[in-house]
Amino acid sequence: MSARIDSLWPEAASDLDDAALLRLYAPPPGPWLRMNFVSSLDGAATRQGRSGGLGDDADRRVFELLRRHADAVLVGAGTARTEGYGAMLLSEEAQDWREARGMGSHPVFVLVSGSLRLDPASPIFAEAPVRPIVYTLAGAPADRRSGLAPVADVVDAGGAALDPHAVRADLAARGLVHVHAEGGPTLFGAILAADALDELLLTLAPTLESGDAGRIARDPAAAPTRMSLAGVLRAGDELLLRYRRAP
């Protein structure tokens, strides 16, 4: 993709190549959970039910680059279905980049599903280059557990509700410390409610949507979380924002 991205702050404005973007988005050492979302100016997280309709070429370019740093890519099962996810397969260039840094060729695809309403024959599992992990609840249907067991590790991470800290702890025990989450709003809401977020990457699309689209985070309980601005990138009229947990 050739979309131009300029840095507004804190770096001097300049056209950024992929190497520069990868440096800017490199996570710090140790455990790190970042969420990546796109939103319209009026707060819509989707257009016609999907987030993919809001971002442009620059957003998609960064979206692909961000996976290079990830040990695990975390997605809610509902979002995976709605957005049409397939297997977590990176490009050859991305694989070479990761291998040159001592990483596996691909990040582990991690899904969260309380109901385990997932198709074991879907490309997510059937074409996976690395065995996926599915985090679920203790009361998830036994038949769906057994159906997924041949194609994924199915792990309990909560009783009545997901425990994001249990997810992070299990991933860390597997050596998967850099967790890159791509949605959706229910998963993000649970992460905020558990105070488990380290960083938010938010693309602000230059559009007003109105309608009944939801926000990027949804949970029954409010979870005010103070964030600190870490970077602003500009691509035409679109802004790519980085926020980290305030000290």
Side-chain angles (χ1 to χ4, degrees), residues 21-37 62-77 79-80 85 88 90 94-95 97-114 128-138 152-159 161-202 216-217 219 221 223-231 240-247:
L21 287 168
L22 286 163
R23 288 194 296 271
L24 284 175
Y25 283 106
W32 194 255
L33 172 59
R34 62 171 32 151
M35 291 292 308
N36 184 43
F37 270 99
V62 171
F63 182 89
E64 295 295 333
L65 288 173
L66 290 170
R67 291 178 173 179
R68 294 195 192 186
H69 287 298
D71 296 319
V73 174
L74 174 66
V75 182
T79 294
Y85 272 72
M88 190 56 58
L90 302 191
Q95 293 178 55
W97 187 93
R98 289 170 60 90
E99 291 167 2
R101 287 155 181 80
M103 306 173 70
S105 301
H106 302 275
V108 178
F109 198 0
V110 180
L111 293 158
V112 173
S113 176
V130 184
R131 185 175 171 87
I133 304 170
V134 178
Y135 289 101
T136 191
L137 304 179
D153 291 351
V154 182
V155 181
D156 287 348
L162 177 75
D163 180 355
H165 291 292
V167 172
R168 293 193 65 174
D170 185 74
L171 289 173
R174 299 167 183 261
L176 308 174
V177 296
H178 291 151
V179 182
H180 177 67
E182 296 178 351
T186 300
L187 175 60
F188 191 17
I191 288 170
L192 289 179
D195 195 27
L197 180 73
D198 295 306
E199 183 177 22
L200 170 64
L201 308 178
L202 178 64
I216 64 173
D219 192 81
T225 304
R226 178 66 182 172
M227 305 296 288
S228 178
L229 184 64
L240 294 90
L241 310 174
R242 287 183 291 140
Y243 284 92
R244 291 186 173 184
R245 283 292 302 272

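In this text the structure is predicted, and so the values were computed from the model without any measurement.
A166 is linked by a side chain to side chain contact (heavy atoms under 4.5 Å, CB included) to A157, D163, counting only residues two or more places apart in sequence or in another chain. The ring-ring contact (aromatic ring centres under 6.0 Å, His included) check on H106 picks up nothing, with sequence neighbours excluded. The side chain to side chain donor-acceptor pair (under 3.5 Å) test applied to R67 returns E182, not counting sequence neighbours. Remark: W32 engages E199 in a side chain to side chain donor-acceptor pair (under 3.5 Å) (not counting sequence neighbours). For T79, there are no side chain to side chain donor-acceptor pair (under 3.5 Å) partners two or more places apart in sequence or in a different chain. Applying the ring-ring contact (aromatic ring centres under 6.0 Å, His included) rule to Y135 yields no partners; only residues at least two apart in sequence or on another chain are considered. Among residues two or more places apart in sequence or in another chain, the ring-ring contact (aromatic ring centres under 6.0 Å, His included) test is passed with Y85 by F109. When the salt bridge (charged side-chain N to carboxylate O under 4.0 Å, His left out) test is applied to R68, the partners found at least two apart in sequence or on another chain are E93. The salt bridge (charged side-chain N to carboxylate O under 4.0 Å, His left out) check on D219 picks up nothing, with sequence neighbours excluded. Scored by the side chain to side chain donor-acceptor pair (under 3.5 Å) test, R174 finds D153, D170 as partners (sequence neighbours excluded).
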Please tabulate, one pair per line, all N/O donor-acceptor pairs under 3.5 Å involving side-chain atoms of residues 24-31, not counting sequence neighbours.
none

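Applying the salt bridge (Lys or Arg N to Asp or Glu O under 4.0 Å) test to pairs two or more places apart or on separate chains, none has a residue in residues 184-194.
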